[in-house]
There are 2 protein chains.
Amino acid sequence: MKRPVLALLVLTLLPGAAAAQTNPAAAAARSWRQQHERAIVDELVGLLSLPNIARDRDDIQRNAEAIAALMNKRGIAASLVSVPGGNPIVFGEIRTPGATRTIGLYAHYDGQPLDPKEWHSAPFTAVLRDKPLEQGGTVIPLPPAGTPFNPESRLYARSAADDKAPIIAILTALDAIRAAGLQTKSNIKFAFEGEEEANSPNLEQTLAANRGRFAGDIWLIFDAPLHQTRRQSIIFGARGITALDITVYGPRAELHSGHYGNWAPNPALAMARLLASMKDDTGRVLVNGFYDGVEPLGPAERRAVAEAPAIDASLLQELWLGAHDGGPASLMELITQPALNIRGLASARVGDQAAGVIPATAVAAIDIRTVRGMEVKRTVARVVDHIRKQGFFVVEEEPSAEVRRAHPKVAKVTVRPGGYNAVRTPMDLPIVQDVIRAVESARGHVVKIPTMGAGVPLEAIERPLGTRTVIVPIGNHDNNQHSSDENLRIQNLWDGIELMAALLTM
Amino acid sequence: MKRPVLALLVLTLLPGAAAAQTNPAAAAARSWRQQHERAIVDELVGLLSLPNIARDRDDIQRNAEAIAALMNKRGIAASLVSVPGGNPIVFGEIRTPGATRTIGLYAHYDGQPLDPKEWHSAPFTAVLRDKPLEQGGTVIPLPPAGTPFNPESRLYARSAADDKAPIIAILTALDAIRAAGLQTKSNIKFAFEGEEEANSPNLEQTLAANRGRFAGDIWLIFDAPLHQTRRQSIIFGARGITALDITVYGPRAELHSGHYGNWAPNPALAMARLLASMKDDTGRVLVNGFYDGVEPLGPAERRAVAEAPAIDASLLQELWLGAHDGGPASLMELITQPALNIRGLASARVGDQAAGVIPATAVAAIDIRTVRGMEVKRTVARVVDHIRKQGFFVVEEEPSAEVRRAHPKVAKVTVRPGGYNAVRTPMDLPIVQDVIRAVESARGHVVKIPTMGAGVPLEAIERPLGTRTVIVPIGNHDNNQHSSDENLRIQNLWDGIELMAALLTM
């Protein structure tokens, strides 16, 4: 069954992003790209053909080795760095004689889990469409070498945008600056992670075990989508994340809803009541103490929020929504606040598979997004307390018959591995100011975003290395990341290459 | 993935069912059965090998023709009776010279929809297990002809209990009484329906279009399980039923829960809040007017409830439950009340398939069990009113982008085809008293149950034919009907054959 996918209205009613490009490396990258479009896309298509779900270790190894090969081809001696049980980070570096600082470039090569039935094309066979699927885009052949791509065409595959495109953009930019005879000025390090979508369970440990190798003055995180106006953005932090699985129990096995309905407790109802107790109708979290300690935004961040283009009304239109949670606050402001989200819900069957039963269990997948001042473990403990207050006996393992008989309501709560706290990087640090200038020299005026809503494992990088992080996105916002029919707008790849050229030469 | 199945503790702490069998036809049936056990089971196994989900029309036709062939083999000219778009009723009759009354025998040959992955053996390949699966039962070969079956062994297949066993029991009883030289005293009619599990959408229309053919003084409905004590029961009515599908809408497509969490409304939460608003923590339905018009039990029915064996404590133990809804009232009493049940719930994905998204929709399957004094259509209208009162704009078709943009909360509510009102038959009617006597002569003292919790389409039979209905179960209560690993305890088939012999000769 195909799932509907995002509307792709571009929010071009707003002032455009076009400001002069002043960076010679970016200009060289554009010229190089125009001469090599097909070869660049071919390299990305090859990488996208490798399935890359973090739990599939053999697949992950193939991805890591393929990326290492692409680096080696460019004379960067790649190594695969991991801790036992972890997926490898592909590491490489460019040592620049006389350099006084080290810039780290991070992306991840694993992708979100998926159900191929929900995709319009095979998720690991990249196809080009002349326009977005929702606008009737059809599959077209890749233009032959020498013929330019339609910049609005899109490449459909898992990780096209999130997050293999930046890897190819970096390596292409390196080709371009070398061809133009330009040089790096800083030392450059590359780290491509293989379990970001599994919430980076081993990233911090791997970096801590290899501190010297990964040391840097700043790490630039190439992940996340651009602003919805398609303008270049820089993001100075990210929410933290943790994910929980909750199972609520009914009768030992499904029961006939006629013979037992009114008597046997229904776990789907118990789950509905539990979830309903967690948030009010405006989306505010009702878990006691959930918002305690949340650090308010500072003046620079409040200014950035106020200056950001207003997109809420256009987004509602694009997403077929009559209202959003948390109004009248804007999306930009709301994602600086913590969130509790139901990712998924399942109990027995629905539709034509539904039968007249009282389900035996109900399962919910929850994610929690934290902000500065919150601590993930403490937040989880508060949610568990909340579940107890709703009358549930909470267990962490599958409950025995005895436990279930002894308690009217039993919930199993397990925390997914991974997860990390929120980070915010001050905008006025000199090296951060240098990054902003480099990005603007390639891409014009940027939208400055205090905090990204999505989690990236900034803490796992900053804590072991004592470094700073800044997120620089290149993917289109309407990329269906984490869902079916993920895609990359070709122009975003082109812009990303120019951006990388500027950063490689800063 | 295998689903856990019911515990199968037999509630034998209670006074046993053994009372003298006084019926000569039942005695003849026992003797016949003892000589033909393997042949009887083979005939049932053959019928169970035919997939029988009501929506699969070709499968249904094969079932109907196979049953007609079994009837023809016994000299009963079978015909397939249907209305356009409906599944055929297999009809046959025995005209008894001098008979002054007509007894109708009803069963159904279709089965509940299923997911084969949830079964321990293929649902349409019957296997015999030496004991229930939950007690470690393993598959054993059928004993050869002449060797008796272990009466506690069980046949696992879809419809083994619900509801193909009665068809074979009737036909075997007919063989037995003929072999013993016994005669029918009444006219006998047979009707085997093919869409009961789809809520009998065409039963009433088919009977109305063939009134003369199906006319009878009483129709005996062989469906439903025996009482949990394994005692023979007779049931004098059934709750009505209707089923609804509810879809609640979020963003047009799944969104990244990091980038949009706190802003995009979550349909799983909206569904949780909606469902939670429908019932309180004790299972009482909060829909306005839901209980209006419910007819209280009469004195005979209250006496039957009071006299029924107490099984609630044993059932809680068997089902691993710490409490039941509606206490301190008993199961027997609670199923005389209406119920609203969540059959299934789905939104995005859970477990290892879960992704960090805000789901695009949440779907719930609901069933409503009505009792005398309620009207199914009026009850559905009250539920829809309730949904509106929770702030939803309610539609019956997939809502357009415009509708979704115009309303903060949109719910699609569709009523499944089929459904019918509750029926209760007075216990003191002379023909009903005759049935009770015939059943007791074969099976000893019976448990009299005013209303069955489950729906059977009694209204669809009584209304067009102006007849009465009584339900006479033969299947074990612990048969997993409507779920995976449905099974029939062999002793229940043996007892059913004796019961049928008594009824065929009443």
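Throughout, protein chains are lettered first and strands after them, A, B, ... in sequence-line order, and every chain is numbered starting at 1.
In terms of the side-chain contact (heavy atoms from CB on, under 4.5 Å) criterion, residue partners of B:Asp325 (sequence neighbours excluded) are, by chain and number, A:Pro265. For A:Ala454, the side-chain contact (heavy atoms from CB on, under 4.5 Å) partners are A:Met452, B:His256, B:His259, not counting sequence neighbours.
Of the listed residues (B:Leu316, B:Asp245, B:Val403), the one with the most heavy-atom contacts under 4.5 Å to chain A is B:Leu316. Residue with the most contacts toward chain B among A:Gln481, A:Met271, A:Lys409: A:Gln481 (heavy-atom pairs, distance under 4.5 Å). Among A:Ala406, A:Ala329, A:Gly356, the residue with the largest count of heavy-atom pairs under 4.5 Å with chain B is A:Gly356. Among B:Ala354, B:Ala401, B:Pro399, the residue with the largest count of heavy-atom pairs under 4.5 Å with chain A is B:Ala401. Counting heavy-atom pairs closer than 4.5 Å to chain B, the top-ranked of the candidates A:Glu402, A:Glu197, A:Arg55 is A:Arg55. Among A:Asn266, A:Asp162, A:Ile53, the residue with the largest count of heavy-atom pairs under 4.5 Å with chain B is A:Asn266. For the set B:Ala339, B:Ser347, B:Ala198, B:Gly250, the entry with the most heavy-atom pairs within less than 4.5 Å of chain A is B:Ser347. In terms of heavy-atom pairs under 4.5 angstrom with chain A, the leader among B:Asp367, B:Ile335, B:Leu331 is B:Leu331. Each of B:Gly258, B:Ser330, B:Pro225, B:Ala224 has some count of heavy-atom pairs under 4.5 Å with chain A, and the biggest count is that of B:Gly258. The most heavy-atom pairs under 4.5 Å with chain A, out of B:Gly326, B:Pro113, B:Gly351, B:Ser400, come from B:Gly351.
The distance from atom CG of B:Leu340 to atom OG of A:Ser257, rounded to the nearest 0.5 Å, is 10.5 Å. The NE2 atom of B:His477 lies 5.5 Å from the OH atom of A:Tyr260; values are rounded to the nearest 0.5 Å. Rounding to the nearest 0.5 angstrom, the gap separating the NE2 atom in A:His407 from the CG atom in B:Leu321 is 13.5 Å. From B:Leu275, atom CG reaches atom CG of A:Leu345 across 9.0 Å, with rounding to the nearest 0.5 Å. We find the CH2-CG distance between A:Trp263 and B:Leu315 to be 4.5 Å, quoted to the nearest 0.5 Å.
Proximity to chain A (any heavy atom under 4.5 Å) is restricted, for B:Arg369, to the side chain, taken from C-beta onward. Using a 4.5 Å cut-off between heavy atoms, B:Asn199 makes no contact with chain A at all. If you measure heavy-atom distances from B:Leu114 to chain A, the contacts under 4.5 Å come from the backbone alone. The parts of B:Arg273 that come within reach of chain A are both its backbone and its side chain, each placing non-hydrogen atoms under 4.5 angstrom from that chain. Using a 4.5 Å cut-off between heavy atoms, B:Ala270 makes no contact with chain A at all. Of the two parts of B:Pro338, only the backbone, made up of N, CA, C and O, holds a non-hydrogen atom closer than 4.5 Å to a non-hydrogen atom of chain A. Of the atoms belonging to B:Gln337, heavy atoms from both backbone and side chain fall under 4.5 Å from chain A. Contact annotation for B:Asp312: both backbone and side-chain heavy atoms come within less than 4.5 Å of a heavy atom of chain A.
Using modelled atom types, one side-chain atom of A:Asn262 and one backbone atom of B:Leu334 make a donor-acceptor pair closer than 3.5 Å. Of the possible polar contacts, one joining the A:Arg405 side chain to the B:Gln317 backbone as a donor-acceptor pair under 3.5 Å is found.
Between A:Ile342 and B:Ala268, the shortest heavy-atom contact is CG2-CB, 3.7 Å. Heavy atoms only, all atoms of each residue included: A:Ser483 and B:Glu254 are closest at OG-OE1, 3.3 Å. Nearest heavy atom pair, residue A:Ala323 against residue B:Pro408, reads CB-CB, 3.8 Å. Closest of all the heavy-atom pairs between B:His482 and A:Arg349 is O-NH2, 4.4 Å. Across every non-hydrogen atom of A:Gly261 and B:Arg239, the tightest pair is O-NH2, 2.8 Å.
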Please report, to 0.1 Å, the donor-acceptor pairs under 3.5 Å made by any side chain of residues 358-365 of chain A, with sequence neighbours excluded.
none

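Within residues 278-285 of chain A, the residues approaching chain B closer than 4.5 Å by heavy atoms are, in numerical order, A:Lys279, A:Asp280, A:Asp281.
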Exercise for the section: Begin from the C-alpha positions of B:Arg416 and A:Asp352 and carry the test side-chain contact (heavy atoms from CB on, under 4.5 Å) through to its verdict. Expected result: CA-CA 10 Å; B:Arg416 293 244 145 202; A:Asp352 285 344; 3.0 Å; yes
Handout entry: Step-by-step side-chain contact (heavy atoms from CB on, under 4.5 Å) determination, A:Trp320 to B:Val410
Key = CA-CA 11 Å; A:Trp320 297 6; B:Val410 177; over 6 Å; no
